[in-house]
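Naming convention: chains lettered A, B, ... in sequence-line order (proteins, then strands); numbering from 1 in each chain.
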2 protein chains.
Amino acid sequence: MKKIFLKDIAAELNLSKTAVSLVLNNRGDENKISKETQKRILDFAQKNNYRPNQMARGLSLGKSETIGLIVPNISDIFYARIAHHIELRAKTLGYNVVFSSSNEDAKMEKELMYSMLNRQVDGLIIASTQKNKDEILKLREANFPFVLIDRHYPDIKTNYVIVDNFGGSKNMTQHLLKNGRRNIGLVSIKSELDAILQRRLGYETALVEEGLEINAGILKELDPFAYKSEMKDAIKDMVSGLTGIDAIVFTTHYLAASGLRELKLLDVKVPSEVAIISFDELGAFDLVDPPISTSKQPVDDIGNLAVEILVNDIEKKNIKIENQSILQTQLLIRKSCGV
Amino acid sequence: MKKIFLKDIAAELNLSKTAVSLVLNNRGDENKISKETQKRILDFAQKNNYRPNQMARGLSLGKSETIGLIVPNISDIFYARIAHHIELRAKTLGYNVVFSSSNEDAKMEKELMYSMLNRQVDGLIIASTQKNKDEILKLREANFPFVLIDRHYPDIKTNYVIVDNFGGSKNMTQHLLKNGRRNIGLVSIKSELDAILQRRLGYETALVEEGLEINAGILKELDPFAYKSEMKDAIKDMVSGLTGIDAIVFTTHYLAASGLRELKLLDVKVPSEVAIISFDELGAFDLVDPPISTSKQPVDDIGNLAVEILVNDIEKKNIKIENQSILQTQLLIRKSCGV
DNA sequence: TTGAAAGCGCTAACAG
DNA sequence: CTGTTAGCGCTTTCAA
């Protein structure tokens, strides 16, 4: 089965490339090409398994019908799930998706953005490092369609789909308070990410509204690339007699998983001695010992919405209106909270 | 910052497009273009942030420097991890990757293959549904570079990177036997996938070699799309007085997770009453109650190897030699086995 | 060393 | 209704 081109089918059928192209792009009627001719073309193309060269098509059209997706790490189940929904939605709308992981590295992210632009993606969905303000601004200036997910730039007007990190985190903390925990610690990562700041703020706000104090001893911020090794000391420190916390809020699922490992190693009883709760979850959080409570993020909505907003921008070109969605998280209470 | 093209920089510098193109592709020396001219070009390109249009380049070159990845489901942590490693390795070798999920659907998979071919990917990495033999054969005939991962077609000679499903599964089962379990059940999915068959075979072989019998009561094969709802009965059946199994081998991580859920609901003590072990694992299997033993797959090696083999084929074009790797799994023993 | 020109495969005015 | 023609942006012979 050898490759067949547009011109081949034109030649074979004694027609012009134009006619064939038109028909194959469903513009036959519109250009008043006889039903009969159309059928001949379609049949022939079908029978010979004609497959247009998308590079040629893209070059000519100035678009690729491809969406670029940049996430910190595709092997993080959270982003993998989002990617899946993005892919599904994109497919139904006629778009492919190329993805890349930035590894939280600003320079890499910038590279990826340009690499994808070079490849003529029609739009970009980015879970940003939040360290490439200039590049994001450039995209905006250039009127290039893009939507930020999970992480946005609070002081730039862009499309974005994020979750209510503040609210979700506050909820989690309030739940612990409601259940009698008074000495609640936070384990987070050192980060400028707004999402992370908001989660911390939600936590702090809940405490403050309850008239409780926050001090360094109960607020740990670990190096995002060394949290596993730093976790032990952090946990040890928190559960020691000095601070003696009775609950911990973790701002990400991997922190919660890692934290629980250390708690077990230290033989701290969860939840009787220390309750824990996590922002976002891993697939098996309900099976863990004890099952971990969580503020669950609506990954499907994030993915679907992002694609819809993006494709709308790509096709309608009404990029002027920023489309900003803040989705709610869902509080799932499990045994790790002690209730 | 407006877009700049090859011809712009040629015009600006009073050179020909050829010269500029040559230099930009590192073929300046080879074509004896003066160092000075080269520097002028490079500097100008750099300063003006020249970005070649990859569609044009690809069209001209007949290749895209893009690898297509087709997996059953990118949100399965197993494939997400592989994807991550594929992406990393591909990037270092100068390739991008487009991915899509087939959802285990043969027709979809075929669609995706062609869609990617249309987009002129230079090669394909496929974790196949194993239901598209004809298409795979066509790829082979066409001498198109591709490598199968995770699942291969046992009766077709192709490149592939898979794991030793039989051995891994046999190991798991033998471990249970060694620890005194005599009535070991299997929970798998109804599937023609060789990987799944091999896992079952490994289990059966271990039993048979021990002189034990296999009967329908201890061998459950669930519908891959309805395993969650079917799991309850399967488990109930196995632990009932009639069959009274004392251990279960799960052939996938999601089956293990789901099975453990049901065991808990039925108040079956793991591992004292029933030990469990899983082929492949979820991120939190060590935190689960009890921590689940597993045959861990080397996702990094799978990804890296696949890319290396593929790129080698793409670039060296020595597609004649099939490169077939069967990697070993790693048995991780945790509490769910009772030791 | 350099440049003109053809061509990759497809689309889209425009003229007939 | 159909065909001619001119690109899309880049690479690459081939001749100068």
For this session: Keeping to residues at least two apart or across chains, list the salt bridge (Lys or Arg N to Asp or Glu O under 4.0 Å) pairs with something in residues 125-134 of chain A.
Result: A:Lys133-A:Asp155
Exercise. With a 4.0 Å cut-off, would you call A:Glu36 and A:Lys39 a salt bridge?
Worked result: no
Exercise. Between A:Glu322 and A:Lys157, is the closest basic N to carboxylate O distance under 4.0 Å?
Worked result: no
Exercise. Between which nucleotides of DNA chain D, 5' to 3', does chain B make heavy-atom contacts below 4.0 Å?
Worked result: D:dG9 to D:dT13
Problem set entry | Partner residues of A:Asn14 under the side-chain contact (heavy atoms from CB on, under 4.5 Å) criterion, sequence neighbours left out | none
Problem set entry | Residues in side-chain contact (heavy atoms from CB on, under 4.5 Å) contact with A:Ala80, at least two apart in sequence or another chain | B:Ala80
For this session: Classify the nucleic acid contact of A:Asn118 as base, sugar-phosphate or nothing, counting any heavy atom under 4.0 Å across all strands shown.
Result: nothing
Exercise. Less than 4.0 Å between a side-chain N and a carboxylate O, is that true for B:Glu141 and B:Lys138?
Worked result: no
For this session: Report the distance from atom CD of B:Gln120 to atom C1' of C:dC8, rounded to the nearest whole Å.
Result: 10 Å
Exercise. Tell me the salt bridge (Lys or Arg N to Asp or Glu O under 4.0 Å) pairs involving residues 65-75 of chain B, sequence neighbours left out?
Worked result: B:Arg57-B:Glu65
Exercise. Looking at DNA chain C, which of residues 33-44 of chain A put a heavy atom within less than 4.0 Å of it?
Worked result: none
Exercise. Where is the tightest heavy-atom contact between B:Glu109 and B:Ala127, given as atom of each residue plus distance?
Worked result: OE2-O, 4.1 Å
Problem set entry | Residues forming a side-chain contact (heavy atoms from CB on, under 4.5 Å) with B:Ser191, sequence neighbours excluded | B:Ile189, B:Leu193, B:Ile196
Exercise. Atom CD1 of A:Ile9 to atom C1' of C:dG9: distance rounded to whole Å?
Worked result: 13 Å
Exercise. Once you round it to whole Å, what is the distance between C1' of C:dC10 and CG of A:Asp8?
Worked result: 13 Å
Exercise. Between C:dG7 atom P and B:Leu59 atom CG, what is the distance in whole Å?
Worked result: 14 Å
Exercise. Quick one: what's the B/S/- string for nucleotides 11-16 of chain C, heavy-atom cutoff under 4.0 Å, read 5' to 3'?
Worked result: BBB---
Exercise. Which residue pairs satisfy the salt bridge (Lys or Arg N to Asp or Glu O under 4.0 Å) criterion with at least one member in residues 10-27 of chain B, sequence neighbours excluded?
Worked result: B:Arg27-B:Glu30
Exercise. What residue pairs, at least two apart or across chains, pass salt bridge (Lys or Arg N to Asp or Glu O under 4.0 Å) with a residue in residues 72-90 of chain A?
Worked result: A:Glu87-A:Lys91, A:Arg89-A:Glu308
Exercise. Which side-chain hydrogen bond (donor to acceptor under 3.5 Å, both in side chains) pairs, counting each pair once, include a residue from residues 145-154 of chain A, with sequence neighbours left out?
Worked result: A:Tyr79-A:Asp150, A:Tyr79-A:Arg151, A:Glu104-A:Arg151, A:Ser128-A:Tyr153
Exercise. Is the side chain of B:Asp8 donor-acceptor paired with the backbone N or O of B:Phe5 at a distance under 3.5 Å, no angle test?
Worked result: yes
For this session: Rounding to 10 degrees, work out the angle separating the end axes of the helix from C:dT1-D:dA16 to C:dG16-D:dC1 (five pairs an end).
Result: 40°
Exercise. When we call it a touch if two heavy atoms are under 4.0 Å apart, what does A:Asn14 touch: a base, just sugar-phosphate, or nothing?
Worked result: sugar-phosphate
